[in-house]
2 protein chains.
Amino acid sequence: MTPVAKRKMERRKTFNDYIAKKQLKSTKQRDIIFNEFFNSYMGRHVTVEELYEDIKKNNPSIGFATVYRTLKLFKECGIASERNFGDGKARYEPIRSETEHHHHMICTECGQIVEFANMQIESCLLQVAKLNEFNVSNHKLEIYGICSSCREAQR
Amino acid sequence: MTPVAKRKMERRKTFNDYIAKKQLKSTKQRDIIFNEFFNSYMGRHVTVEELYEDIKKNNPSIGFATVYRTLKLFKECGIASERNFGDGKARYEPIRSETEHHHHMICTECGQIVEFANMQIESCLLQVAKLNEFNVSNHKLEIYGICSSCREAQR
DNA sequence: TACGATATTGATATTTAAAATCAATAATAA
DNA sequence: TTATTATTGATTTTAAATATCAATATCGTA
Ligand SMILES: [Mn+2]
Ligand SMILES: [Mn+2]
Ligand SMILES: [Zn+2]
Ligand SMILES: [Zn+2]
């Protein structure tokens, strides 16, 4: 099994466990959305609208509300992250591993997103929180700017 | 003159200069909004609605749209920052000096906001950006968690 | 001071993403 | 199979942000 397929199976198990625990139901729609999301959007940041339009191509009967609710469900059970990059639309990305954690650098010109992780920043953050006696549940860090190719295009 | 008064005067000059440069007009409404914002909301993070309700008390004829537009104007000319803490409402805070820069820690229980600045984080950020050849225009960092008093209240 | 050009105001309407509603339908356990 | 309960898809509602527009205020100039 490829690492990608294994990763997908692990998320699937988390999802199934969550469904069982919360006494929800397995449905064809949830299967379809799960598969499309984890097959096509690994490492990407997709809006509800985008995923809906994509899925409609092969499954025209699936409704927008179902895609919307299913992505929220993915987030709820910890297999997807919700991101907000300041354009007013929520974006979702598949979580790649239980432990992964990263932030984003967004080109305000072309929309390109570069992911990064930095241990030093993370430990500084925890230190700041500790100093102020905050119990951190999550944090977000985004860098906005112009990427090199957009900068070249301008000259 | 107190340091607070001096600070306010400096922002006023920036605002006046901006109005002159862009050929805008000085109005009673802008004066009122400027004064309330810089008198009552230094170090705070106010929504348009909140500031509007506040101003209405003494100036019932001022419209919501004017408050909304004036805060955007403050932001535009660099005397206010717009913040988004994930509740779907934009917040504005007066800028205290040309050079100040800080981030926020938000209690998800009581809404308390603690500001912090950390040079180490800032330089890490720039390093990450440099590595990826991004020209940084701005960045945001927020820590969400539970403050100590809310933690105590829970026990 | 009066005039004319232009920006501003306040009320209201529009836009948009997110969230809620609900009758019909599907999934599950007995 | 049946009863129960969750889900779906269409639609409506909500709420913040933004746009519109006629009436009015500002400001340079005569
Ligand atoms: Mn990402
Ligand atoms: Mn602040
Ligand atoms: Zn770019
Ligand atoms: Zn608190």
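In what follows, chains are A, B, ... by sequence order, proteins preceding strands, each numbered from 1. All values below come from the heavy atoms of this structure, side chains included, with hydrogens, waters and symmetry mates left out.
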Is it the case that over 12 heavy atoms from other parts of the model lie below 6.0 angstrom from the CD atom of A:Q23? no

Kindly assign one of parallel, tilted or perpendicular to the pair B:F64 and B:Y68, based on the angle between their ring planes and the thresholds 30° and 60°. parallel

Which residues share a side-chain hydrogen bond (donor to acceptor under 3.5 Å, both in side chains) with A:N135, sequence neighbours left out: none

Check whether any side-chain N or O of A:S40 sits under 3.5 Å from a backbone N or O of A:F37 as a donor-acceptor pair, and report yes or no. no

Taking only heavy atoms on the protein side, list every residue of residues 19-35 of chain A lying under 4.0 Å from any atom of DNA chain C, sorted numerically. A:K25, A:S26, A:K28

My understanding is that only residues two or more places apart in sequence, or in another chain, count here; which of them pass salt bridge (Lys or Arg N to Asp or Glu O under 4.0 Å) with A:K13? A:D17

Quickly work out the B:E76 CD to C:dA7 P distance and round it to whole Å. 14 Å

If a protein heavy atom is under 4.0 Å from the base, mark B; if only from the sugar-phosphate, S; if neither, -; do that for nucleotides 13-19 of chain C going 5' to 3'. ----SSB

Mark yes or no for whether B:N118, through its side chain, and B:Q120, through its backbone, hold a donor-acceptor pair below 3.5 Å. yes

Out of A:H139, A:K140, A:E115, which residue meets the side-chain hydrogen bond (donor to acceptor under 3.5 Å, both in side chains) rule with A:H103? A:H139

When the side chains of residues 69-93 of chain B are checked against the rest of the protein, which donor-acceptor pairs come out under 3.5 Å, sequence neighbours left out?
from  : atom 1 : to     : atom 2 : distance (Å)
B:R69 : NE     : B:A65  : O      : 3.3
B:T70 : OG1    : B:T66  : O      : 2.6
B:K75 : NZ     : B:E82  : OE1    : 2.8
B:E76 : OE2    : B:Y18  : OH     : 2.6
B:R83 : NE     : B:E93  : OE2    : 2.7
B:R83 : NH2    : B:E93  : OE2    : 3.0
B:D87 : OD1    : B:K89  : N      : 3.1
B:D87 : OD2    : B:R91  : NH2    : 2.9
B:R91 : NH1    : B:H45  : O      : 3.2
B:E93 : OE1    : B:H45  : NE2    : 3.2
B:E93 : OE1    : B:R96  : NH2    : 3.4
B:E93 : OE1    : B:H102 : NE2    : 3.4
B:E93 : OE2    : B:H102 : NE2    : 3.2
B:E93 : OE2    : B:H104 : NE2    : 3.4

Rounded to the nearest 0.5 Å, what separates atom CD1 in B:I32 from atom CD1 in B:I62? 4.0 Å

Under 3.5 Å, which N/O atoms of the protein pair with N/O atoms of nucleotides 20-22 of chain D?
none

Return yes when atom CD of B:E98 has more than 12 non-hydrogen atoms of other residues, nucleotides or ligands closer than 6.0 Å, and no otherwise. no

Mind calculating the distance between NZ (A:K56) and P (D:dT8) to the nearest angstrom? 18 Å

Atom CG of B:L73 to atom P of D:dT18: distance rounded to whole Å? 14 Å

